Amino acid sequence: MNWFETSDVPDRRIGARELWMWCLVLSAVAFWGKVIAASDDPDPLLPSAIVNSITDAGAFTAAAWIMVMMRAGGVVSDRAASTRLVLVALGIGLLCVVPLRPASAIVLAVLGGTLLLSQQATRSGRQAGLLLVSLAIVSASYILVPVHVWVASLDARAVAWIGRLFGMDASADGNVVTQGDFALEILVQCTSTVQLAQVALAFCVVVVYRRGECRRSDLPWLLSALLASAVLTEIRLTLMLRGEADYVWWHDGAGATMYLLAAMASAALFPLLATARSATRAGQPA
Amino acid sequence: MKNLIRLAFVLLIALSIMGQLHAVRPYDADREDIASLVAPLAGLGLKSPGPDADGVIVATATDCPLPVRIGMVLVAGGQEARAASLLGPDVQPRYVYLGMAFDRADSWRMYFRGLQGTLAALIGARSKRAPSHMVMAALPDACPHLADLDWAVLSPWN
């Protein structure tokens, strides 16, 4: 049974396709509004600060939204929307207005999930659905603070252990690692789990861009990408522990840029390998 | 009907933008919030002329020759340089958040304290939501008795 569309062509009734477009535009406005509102800039509404907020949200987040909006015009067939779809769309719209991050995650999950599961969704619709679900995971990751706080103490122990392996006199107490006179406090935004949702999003963006769909066989590649991200973070934290000068270099200096580039390259490499492998297989004779 | 639905979405987009504008939180602590620390400091026996241009209060106690520096930093982190400039050498820090004083920035306890504050504000038990900034006080090592003061009074909801 089709819950969201009627068999009519849109004329006096609003089309399902147009309704989906409104929902996607509204969710994009709400998502980026929350990103800008959460900015740590002294004046978040200055144009330069807005550009910084968009940049800070991540290249793959921006790419995902561009890909979603490019597909927004054709996510479902062009039939008249049912009353049920109109009500659901308005409900989602109201949820977008709530200025809380969990609302954004819920909206994206509902939109993405519906597109992924709907039989009326086109191929573009399913691609947009997958990207929206990935964006929902990124949004949800920011609100999973208790998990990241817990991981910070695990990271501290891991860093102390790695430090001792390399001859440092390191010990961990909660989320603080100490090495001689130098202490490193691992805050939420520095934990090894905080970037994992972004890595998963990067994976989906690259795979959808290159192949148009994710497959079950991509799972080992995704897990490898997540593991590589966590390992990179632990290495960076251990390098910071060596002393004040190393901390400044890896936290605020060229080392921070190097880490970001390495993390981005690693996040892009695994989906490239996954899609290259399937492309090679597709090229083989049956 | 069709145009009414379109109008509803345009209104929702406008409402969403207005809601986000309202939700913008300042990176630097409000100057009034910092200035409001002067009165409780006087209650602890410390005198201060109020915050300087950088938002730092330099307070003095009659029984300590060295000043106590007090400022506000984001609980979620991201103002490490500001925290470091407040601390300096030969001082012991006190972190004060929502009526609790800590020897170190204990993420766990501060997070749950913040969550408790947010829930209290949601159910109407508190009139204001949990602040995004905590108070940081740098106590000179030369005056260990200052550590015994009830620094929690510097924060609301104690």
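Note that the structure is a prediction, hence the values are computed from the model and not measured. Every chain is numbered from 1, with letters handed out A, B, ... down the list of sequences.
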Winner by heavy-atom pair count (cut-off under 4.5 Å) against chain B, out of A/Ile186, A/Leu26, A/Val29: A/Leu26
Does A/Trp249 CH2 have over 12 foreign heavy atoms under 6.0 Å away? yes
Contacting region of A/Val149 [heavy-atom separation from chain B under 4.5 Å]: both
Ring-plane angle category for A/Tyr247 and A/Phe182, please: parallel below 30°, perpendicular beyond 60°, tilted otherwise. tilted
Interchain contact, A/Cys23 with chain B, by part (heavy-atom threshold 4.5 Å): both
Check whether A/Trp150 gets within reach of chain B through its side chain, its backbone, both or neither, counting any heavy atom under 4.5 Å. both
Between A/Trp250 and A/Tyr259, is the ring centroid distance below 6.0 Å? no
Assess whether side chain to side chain donor-acceptor pair (under 3.5 Å) is satisfied between A/Asp155 and A/Thr191, documenting all intermediate values. CA-CA 7 Å; A/Asp155 281 339; A/Thr191 57; 4.8 Å; no
Turns out that what part of A/Ala183 lies under 4.5 Å from chain B's heavy atoms comes down to neither
Could you check B/Pro49, B/Pro67, B/Ser48 and say which one makes a side chain to side chain contact (heavy atoms under 4.5 Å, CB included) with B/Ile57? B/Ser48
